[in-house]
Structures are given as C-alpha cells and as structure tokens.
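Residue numbers count from 1 along this sequence. Remember, it's a predicted structure, so these values are computed and weren't measured experimentally. The figures here come from the full heavy-atom set of this structure, side chains too, leaving out hydrogens, waters and symmetry mates.
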Amino acid sequence: MMRSRATGLLRPLARAGHALLDLIYPPSCLVCRRAVAAHGAICPECWRDIAFIERPYCERLGTPFERDLAQPGLISLEAAANPPAFGRARAVARYDSDKARALAHRLKYYDRLELAEPMGRWMARAGAELLADADVIVPIPLHRLRILARRFNQSAALAQAIARESAVPVETMALQRVKPTAPQVGLTRAQRAANLSGAFRVDPERMDAIHGRNVVLIDDVLTTGATANAATRALLKAGAPRVDLLVFARAVTSA
C-alpha cells in the first residue's frame, strides 16, 4: 500500500517535470525542427517525405517491388543471383529518401544520440517478424580505433532501443571487429568482400551467447551488404542457426 501511495504521488511530479521540460525545450520535429506535439516526433510534412518500405517487397532482401504481383513470398532477381549470407533483411525506409538519410547521418556523424530511441522503435516495428523469431540482438561492431575517434557505436545505440521495444535481449560484446578496414566507397563488390574478409569474429569467451541462438543483426544503413555478410558469416561460424538483418535505411536499386 505504501508503494502504491508513493507511486501515486510521483506521477503528478513526473507530469509536472515533463511540462516544465516542454516549456524550456519545446518539442520539435526530429528532421526539420518545426514544432510538434511531443518529443521524438516527426512533423506531418517530413513524415510524408520519408520513403517508408512496405510490402510488397523481396522476402529475402526487403527491397520494395515496383508493383504488387499478388504472389506472397517472392524474392527479387538480385536475391536469386547473389543470395546474401543472412536469411532476411528488413528496413524502415529507403536510403535515397533525403529525410531518412538525414536522420541516419545525424545519428552517425553528429552525435545525435537522442535519435536512436525513435529510430529504434520504427526498426522494431519494421522488423517485427524477425524479432519474433530471434533469441538475441547483435549490433554490427566498430573497430576499437573507430570507437576512440567516434566515441560511440550508432548500431549499438539502435540495438539497445530495439531491445527495449521488443524485449529481445541484446548482446553488444559478443561480435568483435578485429580488423580495421578501408572505406568501402568506390570499391567493387569483390573488393568490398576482400576488404572485409576476416574483419569480424565472435569473442571465444562469449560463444554461449551466440551458439544455438537465432540472431537479429543490427546496423544503421544497408548498401551493398558486404559488411552484413561478413558479420553474418562470423556469427554462423560461431554456431548461430539463423541470422537476419534489421537496418534503419537501405539502398534500393531495383527489385
């Protein structure tokens, strides 16, 4: 009874605190900074401009089809010709959307860590079917030298938010990036694969976190898939029976 009374007293204080915060820092759109009703929201104009990915899409790569062929389970020509190491990929939005790309860049390059929570919630919804089959969430790691330069891993921040939303546990230390890699921009598919060869491994002391467990791998952006494939292979080698991929935005060519 004492606990319920204390909780009843704290609720008005919490509401007052939120109201005071709104006065000092009025809620603004995460993209354009227009006034919105609540913190962590996007204004209607920006919402309409985000190219959200919805079905119909390739069930393997998550790339949207240009038209609905009314045949569930279809995969794209790209997925058939170059099947990825991971099982399924899902994304919130297309990376060629200026609004979606702006959010990904602000989190990654401008230390906008407050974006991880709403972006993670959207990812949890976009990847609900993957998370329903998952035993653990694993973010793509950064090499320790990159962590020192950037101070945080945006994929780990997203993974933590997704774990809170989905109740799937997150394991941030099992997968390691053991080789610093050159930038992937401008490299061919074969060069990207070679650049990332041997870049990831599962920590031998954390094998139990991966072995026999279905994994959802988390990253902010998916372009060619070279990084995700290399990380997936390390997880499969460590005994994960299945690895799926969930990202915030993905590049779309054709499907």
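- Judged as a side-chain hydrogen bond (donor to acceptor under 3.5 Å, both in side chains), the pairs with a partner in residues 160-174 (not counting sequence neighbours) are, in order, E117-R164.
- Checked against side-chain contact (heavy atoms from CB on, under 4.5 Å), R60 has the following partners two or more places apart in sequence or in another chain: C58, I75, A79, P83, P84.
- The distance from atom CG of D98 to atom CG of L103, rounded to the nearest 0.5 Å, is 11.0 Å.
- The neighbour count for K237 NZ, taken as heavy atoms of other residues, nucleotides or ligands under 6.0 Å away, does not exceed 12.
- Annotation: side chain of L217 is not in contact with side chain of L246 (no heavy-atom distance under 4.5 Å).
- Here the OG-CD1 distance, from S97 to I50, works out to 6.0 Å after rounding to the nearest 0.5 Å.
- Across all non-hydrogen atoms, the minimal contact from D135 to G212 is OD2-O, 4.3 Å.
- In this structure, S28 contributes its side chain and V36 its backbone to no donor-acceptor pair below 3.5 Å.
- In this structure, F152 has no ring-ring contact (aromatic ring centres under 6.0 Å, His included) partners at least two apart in sequence or on a different chain.
- Remark: R48 engages no residue in a side chain to side chain donor-acceptor pair (under 3.5 Å) (not counting sequence neighbours).
- Evaluation of the salt bridge (Lys or Arg N to Asp or Glu O under 4.0 Å) rule for R121 yields no partner, not counting sequence neighbours.
- Side-chain atoms of N229 come within 3.5 Å of backbone atoms of A85 as a donor-acceptor pair (strictly under, hydrogens ignored).
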*Would you check, one step at a time, whether the test side chain to side chain contact (heavy atoms under 4.5 Å, CB included) holds for H143 with K179?*
CA-CA 7 Å; H143 189 267; K179 185 180 87 171; 5.6 Å; no
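- Counting only residues at least two apart or in different chains, salt bridge (charged side-chain N to carboxylate O under 4.0 Å, His left out) contacts with residues 212-236 comprise K108-D220.
- Closest approach of R106 and V31 over heavy atoms only: NH1-O, 2.6 Å.
- One hydrophobic cluster, built from ILVMFWY side chains closer than 4.5 Å, cannot hold both L222 and M123; they sit in different ones.
- Residues L175 and L235 meet the side-chain proximity criterion, which asks for heavy atoms closer than 4.5 Å.
- Follow the hydrophobic side-chain contacts under 4.5 Å out from I53 and you never reach M119; the two are in separate clusters.
- Side chains of R250 and V221 form no contact here, defined as non-hydrogen atoms less than 4.5 Å apart.
- By the side chain to side chain donor-acceptor pair (under 3.5 Å) test, E59 pairs with R55, R90, sequence neighbours left out.
- Going from atom CZ of R112 over to atom CD of Q154 covers 14.5 Å, rounded to the nearest 0.5 Å.
- Contact check for I218 versus V138: no side-chain heavy atoms found under the 4.5 Å cut-off.
- The side-chain heavy atoms of V247 and L245, taken from C-beta on, include a pair separated by under 4.5 Å.
- Under a 4.5 Å side-chain heavy-atom criterion applied to ILVMFWY residues, the cluster that includes M173 comprises that residue alone.
- Residues A161 and A116 share a closest heavy-atom pair of CB-O, 3.4 Å.
- Scanning for ring-ring contact (aromatic ring centres under 6.0 Å, His included) contacts around Y109 gives H105, with sequence neighbours left out.
- The heavy-atom pair separating A238 from M207 by the smallest distance is CB-SD, 3.6 Å.
- Residues L236 and F86 share a single hydrophobic cluster, defined by chaining ILVMFWY side chains whose heavy atoms lie under 4.5 Å apart.
- Annotation: the span from Q176 atom CD to L142 atom CG amounts to 13.0 Å, rounded to 0.5 Å.
- Partners of R144 according to the side chain to side chain donor-acceptor pair (under 3.5 Å) rule, which considers only residues two or more places apart in sequence or in another chain, do not exist here.
- In this structure, CG on L30 lies 5.5 Å from CD1 on I42, to the nearest 0.5 angstrom.
- Side chain of N195 to main chain of Q191: no donor-acceptor pair is present (N/O by atom type, distance under 3.5 Å, no hydrogens or angles).
- Between L130 and the options I137, V216, V168, N214, a side chain to side chain contact (heavy atoms under 4.5 Å, CB included) holds for only V216.
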*Would L113 and R151 count as a side chain to side chain contact (heavy atoms under 4.5 Å, CB included) if you check the C-alpha gap in whole Å, the side-chain angles of each, and the deciding distance to 0.1 Å?*
CA-CA 11 Å; L113 280 173; R151 302 188 302 278; over 6 Å; no
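- What you find for V215 and I210 is that their closest heavy atoms are CG2-CD1, 4.4 Å.
- Looking at heavy atoms from C-beta onward, L115 lies out of side-chain contact with F248 at the 4.5 angstrom threshold.
- Atoms OG1 and CZ, from T232 and F200 in turn, are 9.0 Å apart once rounded to the nearest 0.5 Å.
- Here the side chains of Y95 and V252 are not in contact, with every heavy-atom distance at 4.5 Å or above.
- Under the rule for a salt bridge (Lys or Arg N to Asp or Glu O under 4.0 Å), the partners of D244 that lie at least two apart in sequence or sit in another chain are R88, R242.
- Across I162 and G120, no two heavy atoms sit closer than the pair CG1-O, 3.4 Å.
- With sequence neighbours excluded, the residues forming a side chain to side chain donor-acceptor pair (under 3.5 Å) with D96 are R94, listed by chain and number.
- Note: F52 and W47 have tilted aromatic rings, judged against thresholds of 30 and 60 degrees for the angle between ring planes.
- Taking the side chain as every heavy atom from C-beta outward, L107 and L158 approach each other to under 4.5 Å.
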